[in-house]
Amino acid sequence: MKNKGIIGSIIALAVVLIGVFAYQMGSRQNTAETDEGTDEMQTVGILQFISHPSLDQISDGVIEGLKQEGFVEGENINIEFLNGQGDQSKLNTMTQQLLNKDSDVLVGVATPAAKALANGTSEIPVIMGAISDPVGADLVESLEKPGGNVTGVNNLAPVAQQFDLIKALFPEAKKIALLYSSSEENSQAQIDNAEKMAQEQGYEATRYAVSSSNEIAQLAQSAAEENDFIYVPQDNIIANAFQTVINESDKTKTPVFVSVDNMVTEGGIATIGQNQFDLGVETGKMAADVLRGNTDAGNTPVNVIDYGEMIINEKKAAELGITIPEDIKKEATMVEGE
Ligand code: TRP
């Protein structure tokens, strides 16, 4: 009888011990799972179309924008960065690579990169980095309600203000060359606007469309010889070989009016344009929003940035014999490029 009691107690104790043990194992597993959940790094895939100072700064800005929102590379996110070097087939393979890395959000810097990403997935959110014409390039249905899995930053050149500055800097000019690359959808809208504006203001505007970077020198030369000044939009191929344009235009002392701050410091005469790094920061913030759980890109309005800063290259103006009116000088940021 006594023994039975003891055996009973031992069994009871064993059951309790096993229970406690099992419970602890269970909860340990649970903690392990939740730990993994919170520690798991999210991945940001960035695809840049080509190298030129503006896109390089935008990509740097994306990383800074993520950081400002608390997403730091190596701490809580992995950043996979790839550059297509202007090659469409590379953009497509790189898109697959970024998808294979299980990216949680994709960022496309410049139109061809954003398009490659958008064509590669209809699920992972794609954030557009500084895209000139998202609707025209078929990336979104509308700026307010993009639809699909794409949203991001749309930067527009303030063409009307640019032409006010053009008038003030070159009061005698009659003939404008519009220099851009025919393959870039992002340049089309800006060139259409600039052409319309030029004609309304009584200029004679001629298009010089390069079909590859090999043609830039020759077309820039004709543009410079045949016109009073050259207008360059936010065109990636031209930006990538901008020095070639300046080499040609310098020969005839023809000013080149540009659409981005970096091209002013590289020898352009002036712009009303956006700080490229800041555009990247805004793009990075939208990517952070996805990482925080807003995966509904289709209902997230595009961030349209259409203002610009006036920047004038004082050294170039002196070289070309252009007088900068005093009131404009006061308003502008003066730089000394190239
Ligand atoms: N907006 C361009 C596009 O959609 C990309 C771009 C941003 C760009 N900043 C630029 C191109 C400056 C040339 C220069 O592709």
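Bear in mind the structure is a predicted one, so any value in this text is a computation, not a measurement.
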Residue pair V264 / A270: nearest heavy atoms and the distance that separates them: CG2-C, 3.8 Å
Check: A110 main-chain N/O paired with Q48 side-chain donor or acceptor under 3.5 Å: no
Between CD on residue Q234 and CG on residue L55, distance to nearest 0.5 Å: 9.5 Å
Heavy-atom check, side chain of I322 versus side chain of K316, under 4.5 Å: no
K315 atom NZ, over 12 foreign heavy atoms within 6.0 Å: yes
Point-to-point distance, once rounded to the nearest 0.5 Å, from CG of D164 to CD1 of I272: 7.0 Å
Sidechain N-carboxylate O distance under 4.0 Å for K251, E225: no
T333-E309 side chain donor-acceptor pair, cut-off 3.5 Å: yes
Linked, directly or transitively: I269 and I230 (ILVMFWY side chains, under 4.5 Å): no
Minimal non-hydrogen separation, V258 against T271, with atom names: O-OG1, 2.8 Å
Parallel, tilted or perpendicular: ring planes of Y231 versus F257, cut at 30 and 60 degrees: parallel
I79 vs L66 side-chain heavy atoms within contact, under 4.5 Å: yes
Heavy-atom side-chain proximity of M128 to N154 below 4.5 angstrom: no
Between S181 and E184: side-chain donor-acceptor atoms closer than 3.5 Å: yes
Distance-only donor-acceptor check, side chains Y208 and N227, under 3.5 Å: yes
Distance-only side-chain donor-acceptor flag, N149 / E123, under 3.5 Å: no
E185 and K115 ion-paired at < 4.0 Å: yes
Nearest-0.5 Å distance that lies between atom OG1 in T95 and atom CG in N100: 10.5 Å
Salt-bridge present (K175, E226; N to O < 4.0 Å): no
Close side-chain approach of Q42 to N76, heavy-atom, < 4.5 Å: no
Pairwise side-chain contact, V109 with F49, heavy-atom cut-off 4.5 Å (strictly under): no
Flag side-chain contact, heavy atom, 4.5 Å: V256 against F229: no
Polar side-chain atom of D104 near backbone of T43 as donor-acceptor pair, under 3.5 Å: yes
Reported CE-to-CD distance for the pair M263 and Q276, which is rounded to 0.5 angstrom: 9.0 Å
Heavy-atom side-chain proximity of Y307 to P158 below 4.5 angstrom: no
Test: E69 and R292 ion pair at under 4.0 Å: yes
Minimum side-chain heavy-atom gap F81-V107 below 4.5 Å: no
Side-chain donor-acceptor contact under 3.5 Å, N294 with D289: yes
S249 side-chain N/O to V245 backbone N/O, donor-acceptor pair under 3.5 Å: yes
Q190 (side chain) donor-acceptor with Q188 (main chain) under 3.5 angstrom: no
